[in-house]
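So that the names make sense, note that chain A is the first sequence line, chain B the second, and so on, each numbered from 1. None of these values were measured; they are calculated from a predicted model.
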Protein chains: 2
Amino acid sequence: MTRKEAILQAATIMFSQSGYKDTSTAEIAKMTGVAEGTIFYHFKNKEKLFLAVLEQTRALIIDEFNSFMSHRQFSSGMEAIETAVSFYMYLSGKFENAFLLLHRYFPYKMAVSVPGCRQHLEAIYDCLVDIFEEAVTAGQKDGSIASMPPRKTALIIFTMVDGVVRFKTYNLYDASALYGDIIESCKKMLRPEQTAEAYF
Amino acid sequence: MTRKEAILQAATIMFSQSGYKDTSTAEIAKMTGVAEGTIFYHFKNKEKLFLAVLEQTRALIIDEFNSFMSHRQFSSGMEAIETAVSFYMYLSGKFENAFLLLHRYFPYKMAVSVPGCRQHLEAIYDCLVDIFEEAVTAGQKDGSIASMPPRKTALIIFTMVDGVVRFKTYNLYDASALYGDIIESCKKMLRPEQTAEAYF
DNA sequence: AAAAAAGCTGAGTGATTGCTCAGTACTATC
DNA sequence: GATAGTACTGAGCAATCACTCAGCTTTTTT
């Protein structure tokens with residue numbers, strides 16, 4: 001690992017766990033084992049360093065998700081939803097810092113005045129919601145999912161799963177205890193209406 | 001309004017919008033129109049000031065919710081859920097700063113080392129989840145809600161609604177656009193299984 | 001091996017931070 | 001109107017901050 005990569009790694013941990021203002025460049029330098037000046041040699045200032053962290057986070061999450069979902073066949077849209085939900089919860093455990101960063105407020109506040117920041121955040125959420133939306137649309141074609149607005153439905157499922165992950169990250173409730181229930185709730189929410197006909 | 005109350009009000013806005021570290025006592029003083037020393041006269045330090053803000057937030061949310069729900073009769077548990085969800089979204093708009101504060105990470109980080117902080121946060125979430133849980137239990141008695149673990153179900157509904165509110169607060173998606181869909185999704189999730197019998 | 005370029009250092013800087021404290025202004029009690 | 005207690009002030013302090021820069025070391029190019 002290059003020094004630049006090492007700085008980026010330490011910065012990711014510090015920014016996600018302590019926030020932007022509460023993370024000093026001196027701490028990052030100490031954690032990495034380099035002089036403080038080295039940080040400013042590779043990244044011209046603290047904001048650019050954070051943007052590099054966010055860019056890496058964006059690439060990480062999108063690549064992980066895309067490569068997982070694309071190398072897979074689903075027997076139904078509903079099954080795709082189940083798999084995506086499970087994988088999201090798995091990823092949030094594997095890359096805790098990345099998800100903690102996305103749950104904090106400061107990146108979204110910075111996004112208001114820093115266009116590059118907004119782009120990274122939007123890219124991440126668009127990718128994730130798109131995956132759920134495609135699964136909903138597929139499920140509606142194959143009959144495994146009821147007729148309802150695909151984008152809105154994808155958003156609601158995403159907020160539900162992400163909400164549980166946030167509760168875990170924030171140390172309020174244990175997400176893993178809700179793991180099975182989340183999947184079950186999704187299925188109930190999405191299942192097609194049972195018509196009388198179905199019984200004959 | 002006393003000076004102490006004015007300081008508390010300004011501090012609530014500043015802490016919720018800028019976070020803990022990024023809010024200076026000088027700014028709060030300037031916003032309130034008092035000398036910086038006045039803050040330290042009423043609250044002995046910055047942490048105590050924040051705890052006072054959190055205590056006020058706790059009282060605000062719990063009082064609003066309890067007085068709203070207790071002065072009301074519901075024809076079914078399902079209706080109670082609908083009402084609680086609607087009211088939660090209404091409150092999150094009315095007291096944006098309070099909810100933004102609860103969505104930020106720093107209070108939960110502080111809660112690890114400051115017991116009083118943890119107490120306030122737990123009190124707020126316990127109150128809210130309890131309301132949903134009671135509605136689920138009532139709905140299971142009157143037949144409007146399917147048989148499923150009440151606490152876990154309450155948590156899932158809560159994370160869903162709170163997740164949508166967070167998306168709005170973080171300026172990612174507009175919660176109000178999902179308003180009707182959230183209620184509809186809850187209903188689908190909670191509706192009792194339709195058995196063949198029901199058709200005869 | 002000389003020259004050039006890239007990588008890296010850490011003391012130093014001006015700005016900002018939370019907080020103190022000696023002193024002033026106001027209010028209540030006698 | 002003297003006394004006492006509470007409310008309030010703002011200059012000042014030590015600590016910390018992001019960032020600079022002159023100079024050193026290592027690598028690459030010629």
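Put simply, NZ on A:K21 is 10 Å from P on D:dC17, counting in whole angstrom units. If you measure from atom CG of B:D22 to atom P of C:dT16, you get 13 Å, rounded to the nearest angstrom. At whole-Å resolution of the value, CG in B:N45 and C1' in D:dA15 are 16 Å apart. The nearest whole Å value for the distance from the CZ atom in B:F43 to the C1' atom in C:dG18 is 16 Å. Distance CZ (B:F40) to P (C:dG23): 21 Å, rounded to an integer number of Å. Taking atom NZ of residue A:K30 and atom C1' of nucleotide C:dC8, one finds them 20 Å apart after rounding to whole Å. Nucleotide C:dC19 holds its C1' atom 14 Å from the CD atom of B:E47, rounded to whole Å. The interatomic distance linking B:F15 (CZ) with C:dG18 (C1') rounds to 11 Å, in whole Å.
Qualifying side-chain hydrogen bond (donor to acceptor under 3.5 Å, both in side chains) partners for B:S16, counting only residues two or more places apart in sequence or in other chains: B:N97.
Within the 4.0 angstrom heavy-atom criterion, no nucleotide atom of any strand lies near B:T2.
Within 6.0 Å of CD on A:E27 lie more than 12 heavy atoms contributed by other residues, nucleotides or ligands.
Residues B:D130 and B:R151 are paired through a salt bridge, judged by an N-O separation under 4.0 Å between the basic side chain and the carboxylate. Between A:R118 and A:E122, at least one side-chain nitrogen of the basic residue sits less than 4.0 Å from a carboxylate oxygen of the acidic one, meeting the salt-bridge criterion.
Using modelled atom types, one finds no donor on one side chain facing an acceptor on the other under 3.5 Å when comparing A:K21 with B:S18.
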remark   = The contact string for nucleotides 7-12 of chain D, one letter per nucleotide 5' to 3', using protein heavy atoms under 4.0 Å with B, S and - for base, sugar-phosphate only and none, comes out as BBBB--

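Taking every side-chain heavy atom of A:S24 into account, D:dA18 is the closest of C:dT17, C:dC19, D:dA18.
Taken from OG in A:S67 to CD1 in A:I62, the straight-line distance is 12.0 Å, to the nearest 0.5 Å.
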